[in-house]
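Reviewing the structure listed below.
Remember, it's 1-based here, ligands and their atoms both numbered in the order they're listed.
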Amino acid sequence: MSLRYLTAGETHGPQLTAIIEGLPSNLTIDFEELNFQLHRRQKGHGRGRRMQIEKDTANIVGGVRHGRTTGAPVALIVANNDWKHWTSVMNIEPIEGSDEEKRRVHRPRPGHADLNGGLKYDLKDLRNVLERSSARETAARVAVGAIARQLLAEFGIKVAGQVIRIGEIEAPANQLPVDELIRLTEESSVRVVDKETEQKMTDYIDQIKAEGDSIGGIVECVIEGVPIGLGSHVQWDRKLDGRIAQAVVSINAFKGCEIGIGFEAAKLRGSQVHDEIMYDAERGYHRATNRLGGFEGGMTNGEQIVVRGVMKPIPTLYKPLRSVDIDTKEPFTAQVERSDSCAVPAASVVMEHVVAWEVAKAFLEKFGGDSIEEIRANLNNYLEQLGRY
Ligand SMILES: Cc1cc2nc3c(=O)[nH]c(=O)nc-3n(C[C@H](O)[C@H](O)[C@H](O)COP(=O)(O)O)c2cc1C
Ligand SMILES: C=C(O[C@@H]1CC(C(=O)O)=C[C@@H](OP(=O)(O)O)[C@H]1O)C(=O)O
C-alpha cells in the first residue's frame, strides 16, 4: 500500500484532522520540529488577524508510541482556537431574524470557491463551502508534510523554500546551498534572502493593503540529496514531476507550477537548456548544470529538485468587486471580511510540505519496507547498484 493521507475539518470548526497511512515503523518523530513547521506557516508579512488567534500545534493521537511510529496509521489533530468565537454560528441552525441567520453567507466572493461550491452542492449558506475551501486546511497538510520531511531527513534529504516574487517585486536569483537558504529565509518576514528585497516587499504589501487590495507571487522549493530514479517514465501517473505539479496546483490560490527553468525553456534553444552529463569516480553520474530542475523522463536525476509555484492574489478584498447576491440576484459590491492581504510567504511553507510529501511517497515506492531499517537496507543496496553501473 502506498503512502496516502486525508484531511478533514472546517476553518471555524473545532479542529483539523489528518490520517496518514503507509508510514514505516521506527521513524522517530521530533514533535518540536513538527510544531516548528506549523509555526513557520503562520508567519509572514501580510497575514490577517486570524493568525494572532491561532497557535498551531499538532497533537498525534494514533500510530506513534514512545516517540516512534509503529507502522499503524498516524492520526493527528490541529485545534482551531477561533472555534470558541464561532461555536454558535457553526452549531445552531439559523432561525429567520436571529444573529446566526445574519451570519449566513449569501454574497459569493469572486475568486473564492463560494459560488461554484454553492451551486454544485446545492447549499444556500455559502459558509458550508467557505468553511472547507479555506486555506486553514493547509495547516493539516503542513503537519502531514512535516512528518514526510522527517522521513526524508532520516535519509539525508533536505527541503528548503523561498519567495521569488511578490507582485512587481522580484528577488535577485541565488543558488545557495540548502542549509544556507534555510538559515537566511528563516530570518526574513517575507522568506527572501536579502534585506533590501525584504524591505521592498514589506513596503509593497503595506501599500497594497492600504489600498484595500491583495497581491500574489511566486515561491520556490528545493530538495537536495534525492537519489537518482524516484518516479518512473513507464506510466503517466508514476511521473514524479507530474505528481509534484498536481500537488502544487492543489494549494489554495495556486495557478501554476514550473519545474527548473519551466516556462523560460520556451525561449531558449536545446543547447541552452539540456544539462550535460558528466562522470567522476567520487560523484558518479552528475550534471554540469541543473536547468531541468532535477527531472528527466518523470524520474529524478540526482540534481536538486527545483519547483516553483505561482499564487494569485487573495480573493477576499476590502476594495469592492462586482458580484451577485444569491437570494435577490441583485448586484452588490461590498463584502468586507477579515482576510490576509498577502499569504505568499506562508504559501511557500505550504509548498515545501506538499512537495516533500510527494518525494517521500515516491521514495517509499522505490525503497518501500515496513520499517526504517528495511528501507535503509533497500536504499543502500540500490546505491551500491548505481555505483557499479
Ligand atoms: C496560506 C494561505 C492563506 C490564504 N488566506 C486567504 C484569506 O485570508 N482570504 C481569502 O479570501 N483567501 C485566502 N487564501 C486563498 C483561498 O483559500 C483560495 O483562493 C480559495 O480556496 C479558492 O481556491 P483557488 O484560489 O485555488 O481557486 C489563502 C491561501 C493560502 C495558501
Ligand atoms: C485560517 C487560516 O487562513 C485563513 C484562510 C482563508 C481562506 O479563505 O483561505 C481566510 C482567512 O480565514 P478567516 O476568515 O478565519 O480569517 C484566513 O485567516 C490559516 O492559514 O490557518
Chi angles and distances behind the side chain to side chain donor-acceptor pair (under 3.5 Å) call for Q15, N59: CA-CA 11 Å; Q15 66 183 44; N59 188 6; over 6 Å; no
Evaluation steps, side chain to side chain donor-acceptor pair (under 3.5 Å), between R141 and S250: CA-CA 11 Å; R141 281 201 263 175; S250 81; 2.9 Å; yes
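Remark: distances from the non-hydrogen atoms of R47 to ligand 2 include one below 4.0 Å. In this structure, R338 is part of the shell of residues with a heavy atom less than 4.0 angstrom from ligand 2. Every heavy atom of R49 sits 4.0 Å or more from the atoms of ligand 2.
Between E276 and R291 there is no salt bridge, since no side-chain N of the basic residue sits under 4.0 Å from a carboxylate O of the acidic one. Ion pair E296/R287 flagged as a salt bridge, since at least one NZ, NE, NH1 or NH2 atom sits closer than 4.0 Å to an Asp/Glu carboxylate oxygen. The residues D56 and R136 are annotated as salt-bridged, a charged nitrogen and a carboxylate oxygen being separated by less than 4.0 angstrom.
Between F36 and D30 there is no side-chain heavy-atom pair separated by less than 4.5 Å. Between L16 and E10 there is no side-chain heavy-atom pair separated by less than 4.5 Å.
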Please give the N or O to N or O pairs under 3.5 Å between ligand 1 and the protein, distances rounded to 0.1 Å.
{"from": "ligand 1", "atom 1": "5 (N)", "to": "D340", "atom 2": "OD2", "distance (Å)": "2.8"}
{"from": "ligand 1", "atom 1": "8 (O)", "to": "S339", "atom 2": "OG", "distance (Å)": "3.2"}
{"from": "ligand 1", "atom 1": "8 (O)", "to": "D340", "atom 2": "N", "distance (Å)": "2.9"}
{"from": "ligand 1", "atom 1": "8 (O)", "to": "D340", "atom 2": "OD2", "distance (Å)": "3.2"}
{"from": "ligand 1", "atom 1": "9 (N)", "to": "S339", "atom 2": "OG", "distance (Å)": "2.9"}
{"from": "ligand 1", "atom 1": "11 (O)", "to": "T316", "atom 2": "N", "distance (Å)": "3.0"}
{"from": "ligand 1", "atom 1": "11 (O)", "to": "T316", "atom 2": "OG1", "distance (Å)": "2.4"}
{"from": "ligand 1", "atom 1": "17 (O)", "to": "N252", "atom 2": "ND2", "distance (Å)": "3.4"}
{"from": "ligand 1", "atom 1": "21 (O)", "to": "S133", "atom 2": "O", "distance (Å)": "3.0"}
{"from": "ligand 1", "atom 1": "21 (O)", "to": "N252", "atom 2": "ND2", "distance (Å)": "3.3"}
{"from": "ligand 1", "atom 1": "25 (O)", "to": "A253", "atom 2": "N", "distance (Å)": "3.3"}
{"from": "ligand 1", "atom 1": "25 (O)", "to": "K312", "atom 2": "NZ", "distance (Å)": "2.7"}
{"from": "ligand 1", "atom 1": "26 (O)", "to": "A253", "atom 2": "N", "distance (Å)": "2.8"}

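Counting non-hydrogen atoms of other residues, nucleotides and ligands closer than 6.0 Å to OH of Y279 gives a total above 12.
Counting atoms of ligand 2 from 1 in the listed order, those under 4.0 Å from a heavy atom of R50 are 1 (C), 15 (O), 16 (O), 18 (O). Residue M51 has at least one heavy-atom neighbour below 4.0 Å for each of these atoms of ligand 2: 1 (C), 2 (C), 19 (C), 20 (O), 21 (O). Short contacts between ligand 2 and H112, defined as distances under 4.0 Å to a heavy atom of the residue, involve ligand atoms 7 (C), 8 (O), 9 (O).
Considering backbone and side-chain N/O atoms, D82 never comes within less than 3.5 Å of an N/O atom of ligand 2. The shortest N or O to N or O distance between H12 and ligand 2 is under 3.5 Å.
With sequence neighbours excluded, the residues that form a side chain to side chain contact (heavy atoms under 4.5 Å, CB included) with V178 are K158, A160, I182, V222, E224, Q304.
Among the candidates I147, V64, I29, I19, the single residue satisfying the side chain to side chain contact (heavy atoms under 4.5 Å, CB included) test with L76 is I147.
Residue-level proximity to ligand 2 for R41 is carried by the side chain, the only part with a heavy atom below 4.0 angstrom.
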